[in-house]
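These notes concern the structure reproduced below.
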Amino acid sequence: MILASVPDESRTPILRAALETSGFAGDLETGLGAREVASTDNSIYQQRPAAIAYPREGADLNRLMQAAAAAQLPVVARGGNTGTNGQSLGTGLIVDFARHMTAITGVSPNRLRVEVEPGVVLGQLNAALHPAGLFFPPMVSTASRATLGGMVATDASGKGSRHYGKTSDYIEAIDIVLADGSDWRVEPMTRAQAEQIASGDGLIARIHREALRIVDTHADEIARVFPKMNRGLTGYNLQRLYDADADRFFLAYLLAGSEGTLALTKSITLRVAPRPTLRRLAVVRYDSFASGLAHVGEILKADPLAVEILDDKVLAAARDDVVWTHIGALLGGEDGAASVTAASMNFVEFSGCDEETLDRSLDCLAGILRDGWQGMIDWAVVREDRQISQLWKLREKAVGLLGHAGGGRQGMPFVEDTAVPRGTGRLRRTVPRTAR
């Protein structure tokens, strides 16, 4: 584990005194035990903070920003601690939203809108939306613990991003607190509106002036450098900050992916979508990871909602886990082709509200699979929703399973996500074994 230096702890009394006089309603912890617990997340890094604050209400964020400035402590926002790059660690003040700021403050089913505090967990939100037949589409595998504030901070996407996009595609507005403790509501606006704000005085005017200057001065470089891809990238999304064709300037595209480095979030207004009522999952098995990975390009011709690959290490660890008692028969039984041990599997999901449309998609996929692929063993289609959920639980547990590989080895997550250009070459086709 990589341990960073610790800041001067003499600053914390200044922080505490400032919060006490401001009427801070949340919790502040400065004890060594609490700081040690907060020094790690889901990464290989360790940074012990000077203090951890748990805001209870939106006004607490204004108080925290002002107190941190008085104590000269840097501020780091924290959500569900699921990142593997150390995003929620810092040696200053950690602001943890997951303890108190967990309210869903408004649901408008007819308008397909929801308003949440940043500590709301994705699974919690989707459970609240379920009776109305709605859901929040970015489906990260850490849905049981990922907060909406964290999903905005990382511009999370997850399973289904081919069709549904990423978190920033669903942001209507964000209420934020700036470095000086002031409030601002981030909403889409025209270029003329942004320029009018930029002509004023104060921090928010300077922010708009600088943002407009960057997109104007560096337009060619932004177009050259930023990749053309639907999956998000962590960082400052200058590419989408201003859409000249639509005359739409939206600072939320800078906030989404900024890892909490630009502001603290009070509230998020999001679009939601009708929840698909039907789904099908094809499990395609291969004798090597390379074969399964290379086959994805062909599988995409069937336009699935998602394709997720599992390698031999995840599968080997899963066989020793309780999850295998529920799904082992679906992933490879004891007879025929299914008895061949797979080194990788592709989970290919289709979803929708119409049986005929799903059947056509599955027929298209079956045609692709019947064409054959080197290293493909067989495939099976799972139609029962409970079984599909069980299979996806295996995917959700993948990181945890790799953390206990056995033999005294300990898996250490240190790369969040990767993206590589899709290659033009492909493996030689061969006749597959019969479908299960």
Side-chain angles (χ1 to χ4, degrees), residues 3-41 45-81 86-105 115-121 145 147-150 152-153 174-186 202-204 206-207 255 258-268:
L3 180 63
S5 59
V6 179
D8 183 0
E9 296 172 12
S10 63
R11 300 173 187 173
T12 55
I14 303 172
L15 175 74
R16 184 179 292 277
L19 289 177
E20 287 175 353
T21 58
S22 71
F24 179 67
D27 309 325
L28 181 70
E29 296 187 1
T30 57
L32 179 60
R35 290 164 50 220
E36 190 67 17
V37 170
S39 70
T40 61
D41 59 2
Y45 307 106
Q46 182 174 12
Q47 288 187 318
R48 187 184 301 131
I52 311 98
Y54 300 89
R56 194 176 295 273
E57 59 189 24
D60 278 344
L61 302 181
N62 305 83
R63 298 161 184 149
L64 282 168
M65 280 296 209
Q66 292 166 351
Q72 298 183 343
L73 283 172
V75 177
V76 175
R78 172 170 289 189
N81 287 337
Q87 302 100 312
S88 59
L89 302 179
T91 56
L93 173 65
I94 300 292
V95 180
D96 193 319
F97 292 87
R99 178 179 290 185
H100 299 304
M101 295 193 68
T102 59
I104 300 171
T105 53
E115 186 174 340
V116 299
E117 290 184 329
V120 170
V121 172
R145 50 207 185 277
T147 64
L148 271 298
V152 170
I174 309 179
D175 293 295
I176 61 173
V177 178
L178 299 170
D180 63 354
S182 62
D183 290 312
W184 183 254
R185 183 171 176 84
V186 176
L203 179 58
I204 196 62
R206 296 201 303 274
I207 290 171
L255 293 167
S258 67
E259 302 283 13
T261 59
L262 299 179
L264 294 182
T265 302
K266 275 190 176 181
S267 178
I268 313 162

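Side-chain atoms are counted along with the backbone in the values below, which use heavy atoms only and exclude waters and symmetry mates. We're numbering straight along the sequence, starting at 1. All of these numbers come straight from a predicted model, not from anything done at the bench.
Atom CG of Leu264 sits about 3.5 Å away from atom CE of Met65, to the nearest 0.5 Å. A distance of 11.0 Å separates CD of Gln66 from CG of Leu61, quoted to the nearest 0.5 Å.
Scanning both residues, Asp96 and Pro55, for their nearest heavy atoms gives O-CD, 3.3 Å. Closest approach of Gly119 to Thr147, counting heavy atoms only: O-CG2, 3.7 Å. Shortest non-hydrogen contact noted between Ala51 and Leu15 is CB-CD2, 3.9 Å. The two residues Ala98 and Gly79 come nearest to each other via the heavy atoms CB-O, 3.7 Å. Residues Phe24 and Ala53 come closest through the heavy atom pair CZ-CB, 4.3 Å. What you find for Ser182 and Asn62 is that their closest heavy atoms are C-ND2, 4.2 Å.
Looking at Gln46, its side chain never comes within 3.5 Å of a backbone N or O of Thr40 through a donor-acceptor pair. Proximity of a side-chain donor or acceptor of Glu117 to a complementary backbone N or O of Ala103 within less than 3.5 Å is detected. A donor-acceptor contact shorter than 3.5 Å is absent between the side chain of Asn81 and the backbone of Asp41. Put simply, the side chain of Asp60 gets close to the backbone of Ala25: a donor and an acceptor are under 3.5 Å apart. In this structure, the side chain of Arg63 does not engage the main chain of Leu19 through any donor-acceptor pair within 3.5 Å. Judged by distance alone, with hydrogens and angles left aside, the side-chain atoms of Arg78 form a donor-acceptor pair with the main-chain N or O of Ala38 at under 3.5 Å.
For Asp175, the side-chain contact (heavy atoms from CB on, under 4.5 Å) criterion is met by Arg185, Lys266, Ser267, not counting sequence neighbours.
The shortest distance between side-chain heavy atoms of Arg16 and Leu28 falls below 4.5 Å. Contact check for Met101 versus Arg56: no side-chain heavy atoms found under the 4.5 Å cut-off. Residues Val75 and Leu64 are not in side-chain contact: their nearest non-hydrogen atoms beyond the backbone lie 4.5 Å or more apart. Using a 4.5 Å heavy-atom threshold, the side chains of Val121 and Thr102 count as separate.
Side-chain contact annotation: His100 with Asp27, donor-acceptor N/O pair under 3.5 Å present.
Under the 4.0 Å criterion applied to side-chain N and carboxylate O atoms, Glu29 and Arg35 are not assigned as salt-bridge partners.
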